[in-house]
> 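Below is the structure I would like to discuss, written out as structure tokens.
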Amino acid sequence: MIPEYWHTFITENKMIGCDFEISEDDDLSELGADLKILSIEQCVSEATECHPGIEAFKKNYVPVAMCLAGSGDYYFIRNTDGAKGALYRIYHDAVNGENINENGIDKVLNSYASLL
């Protein structure tokens, strides 16, 4: 369920539970971000038990981090992007039934590896 490349990236870099800030200048959506990397168990829980995680996972997005700014939004990688792909924010209110409004998905970083 969780790509091996993501698991390797966060474990080798000891990132699980770590907080990261992305400035408005570095965030492609220009909002800035304050996020915490999820454990593998939290990733699975968000993808199988929560919204928009369930709907996002159906579209190949994998939850990897939570917002620390209080928005309730989660951050995702996309299986189809492969190793060192983009980091996305999917707004919690982007879900409409079983679909996600594409306008509710922002690319935050071109490569999640730039978190380092």
> Once you round to the nearest 0.5 Å, how far does CD1 of I90 lie from OH of Y61?
6.0 Å
> Starting from I54, can I reach V44 by hopping between I/L/V/M/F/W/Y residues whose side chains sit under 4.5 Å apart?
no
> Any link between F20 and M66 through a network of hydrophobic side chains (Ile, Leu, Val, Met, Phe, Trp, Tyr) touching at under 4.5 Å?
no
> I need the L28 CG to D106 CG distance, nearest 0.5 Å.
9.5 Å
> Return the NE2 to OG distance between H7 and S39, rounded to the nearest 0.5 Å.
9.5 Å
> Classify the angle between the aromatic ring planes of Y5 and Y112 as parallel (below 30°), tilted (30 to 60°) or perpendicular (above 60°).
parallel
> Might you work through the side-chain contact (heavy atoms from CB on, under 4.5 Å) test for M15 and L116, ending with a clear yes or no?
CA-CA 9 Å; M15 296 172 68; L116 298 175; 3.9 Å; yes
> Just how far is it from atom CD1 of I10 to atom CG of L38, taken to the nearest 0.5 Å?
8.0 Å
> Checking Y88 against D81: is there a side-chain donor and acceptor pair closer than 3.5 Å?
yes
> Test L87 against V64 for side-chain contact (heavy atoms from CB on, under 4.5 Å), laying out the working first.
CA-CA 9 Å; L87 182 70; V64 296; 3.9 Å; yes
> Side chain of D73, backbone of H92: donor and acceptor closer than 3.5 Å?
yes
> Please answer: with hydrophobic residues joined when any side-chain heavy atoms are less than 4.5 Å apart, are I100 and F57 in the same cluster?
no
> Supply the atom-to-atom distance E55 CD to K59 NZ, rounded to the nearest 0.5 angstrom.
10.0 Å
> Around atom NZ of K58, are there more than 12 heavy atoms of other residues, nucleotides or ligands at under 6.0 Å?
yes
> Taking atom types as modelled and ignoring hydrogens, do the side chains of S45 and E49 form a donor-acceptor contact shorter than 3.5 angstrom?
yes
> Do V62 and V108 share a hydrophobic cluster (ILVMFWY, side-chain heavy atoms under 4.5 Å, transitive)?
yes
> Identify the two heavy atoms, one from P63 and one from C43, that lie closest to each other, and give their separation to 0.1 Å.
O-SG, 3.1 Å
> Go through the side-chain N and O atoms of N103 and Y91 and say whether any donor and acceptor fall under 3.5 Å apart.
no
> Answer with yes or no whether the hydrophobic clustering places M1 together with I77; edges join I, L, V, M, F, W, Y residues whose side-chain heavy atoms lie under 4.5 Å apart.
yes
> As a test of understanding, state which of E24, K107, R89 forms a side chain to side chain donor-acceptor pair (under 3.5 Å) with S29.
R89
> What I'd like to find out is whether the side chain of L115 reaches to under 4.5 Å of the side chain of I22, using heavy atoms alone.
yes
> Closer than 3.5 angstrom, by distance alone: can the side chain of N13 be matched with the main-chain N or O of F9 as a donor-acceptor pair?
yes
> Side chains of L109 and S114: does their closest heavy-atom pair fall under 4.5 Å?
yes
> Taking atom SG of C67 and atom OH of Y74, what is their separation to the nearest 0.5 Å?
9.5 Å
> Identify the heavy atoms of P52 and V95 that sit nearest to each other, and give their distance.
CB-CG2, 3.2 Å
